[in-house]
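Please see the structure below; I have some questions.
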Amino acid sequence: MSIDIRFASLLHSLFDAAVSAAQAEAALPPSLPAPSAAGRIILLAAGKAAGAMLQVAESHYLDACGLEPGRLTGLGVTRHGYGRATRQLELVEAGHPVPDAAGVAATMRCLELAAAARPGDHVVVLLSGGGSANWIAPAAGVSLADKQDLTRRLLRSGATIREINCVRKHLSRIKGGRLALAVPEGVALTTLAISDVPQDDAAVIASGPTVGDPSSLAEARDICARHAIEVPPAIRAALVDPANESPAPDHPRFAATRYELIARPALSLAAAADVARAEGYDVHLLGDSLEGEARERAVEHASLARHLAAHGKRAVLLSGGELTVTLRGDGRGGPNQEYALALALALEGAADIAAVAGDTDGTDGGGGAASDPAGALIDPSTLARARTMGLDAAAFLARNDSTGFFERLGDLLTPGPTFTNVNDFRAVVVDKR
């Protein structure tokens, strides 16, 4: 026995609607800049949607615009398992969330392509979540091993994505506006991005390689200290080196660039809301930029759902954002699965309430494989079924083993790579009939 089919169908439909609204096939072409009379289009892509964005942009320029193949060049870097077939442009698969050597090599080539642009060319940067790990070019004196170790420590610390990216930007030669500085003056630069961060902050999406950075070296040092992260000597030295201070938003190079969001969490929540309303549910939008500990937000949402159920409502609570998990145990999982497990415990089998929590990129924490689950589903039977199998839900939560729990129940959300990323998606359904 698994989750009630009447809930499962709706929950999957809500998740699918959110993901579909953020696909590059529909969102990207209207925003792509027209090619000039003689110059090249240089496409540089990074992130989990890089394969899809590069594929769509390549087709747009070669087919819809009739651009000569020799006037189209570029390179994309995406997460392992997120590749898409392209015709003439190269797409490299690299490490995420921990960067790897493939990412370093491809990033250096992207910087070279940007620096080689000539007047009349147009550099078009295609960004999506995951770009911070895929575009990896350590600052002078910092090794790849240093960056890998620091990334692991930051991920385990419970630091927010904004904090993690602040540290990353001050240890990089491409993040924090540095890609824009690599493009010669007089060359057009356009960035088209799919947002996966709270408040759609361009300085945080993929660590803002083409926008000014309002953060500082001092903030990066403070984040490491506040989360008790031990850093090796090379990183400690880099975080006090003035050469690693990123360019501020008022740097003149950014005045002549264009930046546009083509997909964002709010639009995906709106698409899911349309599905819910069509099924006769009232929709309560809790926000597209929620942050905080996954298990704590779950308790809050359980209380809201119980209140609606007590008043006989048929409603769907929708929320986005990126929750965090502070690791206390050695289990497997991610913030969406941990949220779902904590929600089930807080609801205690309450009748007529079910939920889905999933990362719109298709993977939620885990070991970094494209086959990792995106999240999990729960319904009123979740805890009862677990007890029948001898599973202690609270014990699984205590050791951060939400994957192990839902794997045994057969309630993992496993869409595989979605080739986009507008952050986490959560829907709590209250179906009082």
Which atoms form the tightest heavy-atom contact between Pro97 and Thr151, and what is the distance?
O-CG2, 3.4 Å

Asp372 and Thr363: side-chain donor and acceptor closer than 3.5 Å?
no

Can Glu219 and His170 be counted as having a side-chain donor-acceptor contact under 3.5 angstrom?
no

Please report the interatomic distance CG(Leu304) to CG(Leu286), rounded to the nearest 0.5 Å.
6.0 Å

Distance-only side-chain donor-acceptor flag, Glu260 / Thr191, under 3.5 Å:
no

Do Leu192 and Leu127 have side-chain heavy atoms sitting under 4.5 Å apart?
no

Step by step, work out the ring pair (Phe, Tyr, Trp, His ring centres under 6.0 Å) result for Phe254 and His251.
CA-CA 6 Å; Phe254 303 120; His251 190 287; 5.8 Å; yes

Are any of the side-chain heavy atoms of Ser402 and Phe396 separated by less than 4.5 Å?
no

Shortest non-hydrogen pair, Ala115 vs Pro184, comes out as O-CG, 3.5 Å

Quick check for you: to the nearest 0.5 Å, what is the distance between Tyr339 atom OH and Asp364 atom CG?
13.0 Å

Just by distance, no angles: are the side chains of Asp196 and Asn423 close enough, under 3.5 Å, to form a donor-acceptor pair?
no

Asp401 side chain to Arg332 backbone, donor-acceptor under 3.5 Å
yes

Residues Arg168 and Ser207: side-chain donor-acceptor under 3.5 angstrom:
no

Hey, are the side chains of Pro335 and Thr324 touching, using non-hydrogen atoms and a 4.5 Å cut-off?
no

To the nearest 0.5 Å, tell me how far Leu54 CG sits from Leu89 CG.
5.0 Å

Are any side-chain N or O atoms of Arg306 and backbone N or O atoms of Leu347, one a donor and one an acceptor, separated by less than 3.5 Å?
yes

Would you kindly say whether Gln55 and Thr86 are connected by a side-chain donor-acceptor distance under 3.5 Å?
no

Does any non-hydrogen side-chain atom of Val231 lie less than 4.5 Å from one of Arg221?
no

Scanning both residues in full, the closest heavy-atom pair of Pro265 with Asp200 reads CD-OD1, 3.3 Å

Does any N or O in the side chain of Asp411 come within less than 3.5 Å of the main-chain N or O of Ala376, such that one atom is a donor and the other an acceptor?
no

Any heavy-atom pair between the side chains of Gln199 and Val204 that's under 4.5 Å?
no

Of all heavy-atom pairs between Ser246 and Ser215, which one has the smallest distance, and what is that distance?
OG-O, 4.1 Å

Under 4.5 Å between any side-chain heavy atoms of Leu189 and Val125, yes or no?
yes

What distance separates Tyr82 OH from Thr418 OG1, expressed to the nearest 0.5 Å?
6.0 Å

Work out which heavy atom in Leu377 is nearest to a heavy atom in Ile3; give both atom names and the distance.
CB-CD1, 3.6 Å

If you measure from CD on Gln23 to CD1 on Ile194, what distance do you get to the nearest 0.5 Å?
8.0 Å

Less than 4.5 Å apart, side chain to side chain, heavy atoms only: is that true for Val356 and Phe425?
yes

Whether Lys147 side chain and Leu171 backbone form a donor-acceptor pair below 3.5 Å
yes

Side-chain contact, heavy-atom cut-off 4.5 Å: Glu90 with Arg109?
yes

Judged by modelled atom types alone, do Ser143 and Asp146 share a side-chain donor-acceptor pair under 3.5 Å?
yes

Hey, could you give me the CZ/CD distance between Arg79 and Glu93, rounded to the nearest 0.5 Å?
11.0 Å

